[in-house]
Q: 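For reference, the structure I am asking about is given below.
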Protein chains: 2
Amino acid sequence: MTAHAEQIATTFGALLLRTNRAHLYDRLTAGVDGVDGTTYPVLSGLARTGPATASRLAELIGLDRTVTTRYATRLQKAGLVARAADADDARATRLSLTPEGRRAVQAMRAALGAIVADALSTSEPEEVEVFARVLQRLLDALAPGA
Amino acid sequence: MTAHAEQIATTFGALLLRTNRAHLYDRLTAGVDGVDGTTYPVLSGLARTGPATASRLAELIGLDRTVTTRYATRLQKAGLVARAADADDARATRLSLTPEGRRAVQAMRAALGAIVADALSTSEPEEVEVFARVLQRLLDALAPGA
DNA sequence: TATTGTTATACTCTATAACTATA
DNA sequence: TATAGTTATAGAGTATAACAATA
């Protein structure tokens, strides 16, 4: 058990190396116009949470308010995100996905799903099921906020 | 199966968010003097590969040669890394861990192991075993180089 | 001519500070 | 006075360019 924890820790460490993460992001956003590794979290966060203010979205994805709003502007220029006045609070601006933005998210999700599915194609379905469950627990323990 | 791939992909995406990765690195290097989130890959890479030149180490950890040598200098100043002339090639410099560097790596490995062990404490040993196996496969598929 | 280590330089990502408008 | 959005500015992290020494 401890031996497994050590091995898992090592594998995890390798997986978290900047180069691997960057490479994966590149693969995900390669075919999608207007999104890159930096704006990806903003777009996918918006998809997860639905229409939200920049402040709330920033909290969700763990980025600063100022960065979030700037990336949102980039995505808006690319036609993937829309801004609208908040009816309840004149200070606030609601960010939302455009239909094109939704399509982009869909495409990236499918790409990631395909990569994972391919990577797990040699594993038994029962193993995959266990893996999914334990991975979720690991995330909960490692990133309590998310 | 496809459903699991989707779920795994989503969890994975969350895990790779910059904020989570940075937070984990901070936890790992918190108690260790002279190491931070940026120099960590250099130190742990050196532990994995043993004494190596900056160029070779850079390849291993997916960083640029110039960055690797600069971080190595930082670690050297902290007393964790040593430089020595290469006997076979006068151009080359061999980087290695000092005893203190080895202790630092040991401490960080133990910390990561403890975090993972804790995160998996609610899972059955058989589940953990499966998880370790599938995770390794996933890494192999995602990061062929590592 | 190619490669090693290194430094100088520039670019990108992210955060802090500051400004405006509204609560 | 506090908060939302935004812009200006500064700080890290990283890569590209350039240099000296050796192969």
Side-chain angles (χ1 to χ4, degrees), chain A residues 16-26 29 34-46 49 51-77 81-96, chain B residues 16-26 28-29 34-46 49 51-78 81-96:
Chain A
L16 286 177
L17 282 179
R18 204 202 69 87
T19 179
N20 288 335
R21 179 168 137 273
H23 183 237
L24 182 60
Y25 274 160
D26 284 348
T29 58
V35 193
D36 58 27
T38 62
T39 50
Y40 170 75
V42 173
L43 203 68
S44 82
L46 210 45
T49 191
T53 65
S55 296
R56 218 186 97 49
L57 181 58
E59 239 173 85
L60 181 78
I61 61 180
L63 271 181
D64 193 83
R65 238 167 71 208
T66 69
V67 178
T68 304
T69 195
R70 195 173 318 112
Y71 289 175
T73 301
R74 269 202 231 164
L75 293 167
Q76 185 179 13
K77 278 174 183 164
V81 159
R83 276 186 164 90
D86 190 311
D88 301 330
D89 188 336
R91 295 171 303 182
T93 302
R94 288 177 81 68
L95 300 170
S96 64
Chain B
L16 288 177
L17 281 178
R18 203 201 68 89
T19 178
N20 289 334
R21 179 168 137 276
H23 182 238
L24 183 60
Y25 274 160
D26 284 349
L28 285 189
T29 59
V35 193
D36 58 27
T38 63
T39 50
Y40 170 75
V42 174
L43 202 69
S44 81
L46 208 45
T49 191
T53 65
S55 295
R56 218 188 97 48
L57 181 59
E59 237 172 88
L60 180 78
I61 60 180
L63 270 181
D64 193 83
R65 233 168 71 207
T66 67
V67 178
T68 303
T69 195
R70 196 172 317 112
Y71 289 176
T73 302
R74 269 202 232 164
L75 292 167
Q76 186 179 13
K77 278 175 184 164
V81 160
R83 277 186 164 91
D86 189 311
D88 301 330
D89 188 336
R91 295 171 303 178
T93 303
R94 289 178 81 67
L95 299 170
S96 63

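Throughout, protein chains are lettered first and strands after them, A, B, ... in sequence-line order, and every chain is numbered starting at 1. No hydrogens, no waters, no symmetry mates; every other heavy atom, side chains included, goes into these values. Everything numeric here is computed off the predicted structure, so don't read it as measured data.
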Q: So B:Y71 and B:V81, do their side chains get closer than 4.5 Å, heavy atoms only?
A: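 B:V81 does not reach B:Y71 side chain to side chain.
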Q: Just so I know, are the side chains of B:D36 and B:R74 near enough to count as touching, which here means a heavy-atom distance under 4.5 Å?
A: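 They are in contact (side-chain heavy atoms under 4.5 Å apart), so the answer is yes.
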Q: Can you measure B:I61 atom CD1 to D:dT14 atom P for me and round it to whole angstrom units?
A: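 Answer to the nearest Å: 9 Å.
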Q: In whole angstroms, how far is the P atom of D:dA12 from the CG atom of B:D26?
A: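 About 14 Å, once rounded to whole Å.
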Q: With sugar-phosphate meaning primed atoms plus P, OP1 and OP2, does A:T69 contact a base, only sugar-phosphate, or nothing at under 4.0 Å between heavy atoms?
A: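 The answer is base, as A:T69 lies within the cut-off (heavy atoms under 4.0 Å) of a base atom.
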Q: Once you apply a heavy-atom cut-off of 4.0 Å, does B:R83 come out as touching a base, just sugar-phosphate, or nothing?
A: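 Sugar-phosphate, backbone atoms only, no base.
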Q: Can you give one letter per nucleotide of nucleotides 14-22 of chain C, going 5' to 3': B for a protein heavy atom under 4.0 Å from the base, S for sugar-phosphate only, - for none?
A: BBBB---BB
Q: Between A:L17 (CG) and D:dG13 (C1'), how many Å, whole number?
A: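 A:L17 atom CG is separated from D:dG13 atom C1' by 15 Å.
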Q: Name the one of A:T68, A:L95, A:L60 that satisfies side-chain contact (heavy atoms from CB on, under 4.5 Å) with A:L46?
A: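 Of the listed options, the one satisfying the test is A:L95.
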Q: Phosphate oxygens OP1/OP2 of C:dG5: is one of them under 4.0 Å from a side-chain N or O of B:R94?
A: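 It does not, given that no N or O in the side chain of B:R94 lies less than 4.0 Å from OP1 or OP2 of C:dG5.
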Q: Distance check needed: D:dT3 P versus A:D88 CG, whole Å only.
A: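 Distance, rounded to whole Å: 18 Å.
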Q: Is there side-chain contact between A:T73 and A:R83, with heavy atoms separated by less than 4.5 Å?
A: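 Side chain of A:T73 against side chain of A:R83, heavy atoms only: contact under 4.5 Å found.
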Q: Under 4.0 Å from OP1 or OP2 of C:dG5: is there any side-chain N or O of B:S55 that close?
A: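 So the side-chain polar atoms of B:S55 do come within 4.0 Å of the phosphate oxygens OP1 or OP2 of C:dG5, strictly under.
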Q: Using modelled atom types and a 3.5 Å cut-off, is there a donor and acceptor pairing between side-chain atoms of A:T69 and backbone atoms of A:T66?
A: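 No.
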Q: Between P on C:dT4 and CG on B:L95, what's the gap in Å once rounded to a whole number?
A: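 It is 13 Å, rounded to the nearest whole Å.
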Q: By the 4.0 Å heavy-atom rule, please label A:T73 as base, sugar-phosphate, or nothing.
A: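 Touches nothing.
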Q: To the nearest 0.5 Å, tell me how far A:D64 CG sits from A:I61 CD1.
A: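 Going from the CG atom of A:D64 to the CD1 atom of A:I61 covers 10.0 Å.
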